[in-house]
Amino acid sequence: MNVLVVNGPNLRRLGTREPEKYGTTTHEELAALVTAWGADAGLDVEVRQSDDEADLVHWMHEAVDSGAHVILNPAAFTHYSYALRDACALVTAAGLTLVEVHLTNPQAREEFRHTSVISGVATGTIAGLGIDSYRLALEAVARRVG
Ligand code: DQA
């Protein structure tokens, strides 16, 4: 694995969760697409999902230890998890790329979603483009790692 794609809480419910906002692609389908897009771009991708903040923190540590780049949809943790922010900071401090992605555009939604505690330590953010946010993030990682 050289790219770890991590989806946070409630994203396992993709496909049936507020499809008017998040689309009808299931998490399983998204994982298959992301893996295939990564392979096309020459990347070895692993996709994981958890509702548990500790898992996400530990996976950032694992990325640092294994030298994996990260594409992260922190979901609701985006807005308040300082623990995840600190773990993401370790990834970018290690010289690895971390792209924050969102299916929706949080800036165009409720006010509490306007704050991302992750963005300040991410390499960059791609939001609002549905599952294409992940495709573009993979492209960005592929370009950066050459
Ligand atoms: C999300 C946006 C977050 O505000 C929300 O809590 C999510 C999904 C997105 O992909 O658009 O769970 O990260």
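Remember, it's 1-based here, ligands and their atoms both numbered in the order they're listed.
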Checking [X] side chain against [Y] main chain: does a donor-acceptor pair fall under 3.5 Å?
| X | Y | answer |
| --- | --- | --- |
| R85 | V117 | yes |
| S50 | D55 | no |
| N105 | A127 | no |

Among all protein heavy atoms, pick out the one at the shortest distance from [atom]; state its residue, atom name and that distance to 0.1 Å.
| atom | result |
| --- | --- |
| atom 5 (C) of ligand 1 | R113 NH1, 3.3 Å |
| atom 1 (C) of ligand 1 | H102 ND1, 3.7 Å |
| atom 11 (O) of ligand 1 | T104 OG1, 2.5 Å |

Return yes or no for this condition: an N or O of T78 is under 3.5 Å from an N or O of ligand 1. no
Do any N/O atoms on L103 end up under 3.5 angstrom from N/O atoms on ligand 1? yes
With heavy atoms of [X] as the reference, note each atom of ligand 1 found under 4.0 Å away.
| X | answer |
| --- | --- |
| R17 | 7 (C), 12 (O) |
| H79 | 3 (C), 4 (O) |
| A76 | 6 (O), 12 (O) |

Crowding at CD, E20 (>12 non-hydrogen neighbours, <6.0 Å): yes
What do you reckon, is CZ of F112 surrounded by more than 12 foreign heavy atoms closer than 6.0 Å? yes
So, S116 versus E100: side-chain donor-acceptor pair below 3.5 Å or not? yes
With heavy atoms under 4.0 Å as the rule, classify the contact between N73 and ligand 1 as side chain, backbone, both or neither. side chain
I need the single residue from V121, L96, T97 that forms a side chain to side chain contact (heavy atoms under 4.5 Å, CB included) with V91. Which is it? L96
